[in-house]
Amino acid sequence: MSCGDHHETDCSEVLAEVWLFLDNECDGNRKALLKQHLDECSPCLAEYGIDEHLKELLAKKCGGEHAPEALKERLRATIRKTVVEQGGVAFEVTQAQVEIRKTP
């Protein structure tokens, strides 16, 4: 996409990085360039606004949910297996349980 005007940063480049901008994941210089472009380019600003609203909606509807413990454990097991099979890394899982009981 391009608005047809000349900008220091191309429209397609800005729109490709708009999520980095929204998430504050770009460095200060890049953020300044993206902000300058959005201030100058109304089509990109409109697209940015749509993405910003989408991000807010996703956070509102999906935020705060946590994966079930069983799923987390399955993922950990899969990662361990992959590390062993592909990386040739050996590891040992140990567990300790401590019980404190009061004597009568």
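Taking CG of L33 as the start and CD of Q36 as the end, the distance is 6.5 Å to the nearest 0.5 Å. R76 contributes atom CZ, which lies 9.5 Å from atom CG of L71 (distance to the nearest 0.5 angstrom). Residue E13 holds its CD atom at 8.0 Å from CG of L34, rounded to the nearest 0.5 Å.
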Using residues 15-24 as the side-chain source, report each donor-acceptor pair under 3.5 Å to any protein atom, sequence neighbours left out, with the distance given to one decimal.
unit_1, atom_1, unit_2, atom_2, d
E17, OE1, R30, NE, 2.9
E17, OE2, R30, NH2, 2.9
D23, OD1, K55, NZ, 2.2
N24, OD1, K31, NZ, 2.7

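With sequence neighbours excluded, the residues forming a salt bridge (charged side-chain N to carboxylate O under 4.0 Å, His left out) with D39 are K35, listed by chain and number. Residues passing the side chain to side chain donor-acceptor pair (under 3.5 Å) test with E69, sequence neighbours excluded: none.
Side-chain contact between C11 and C41: present, with at least one pair of heavy atoms (C-beta onward) separated by less than 4.5 Å.
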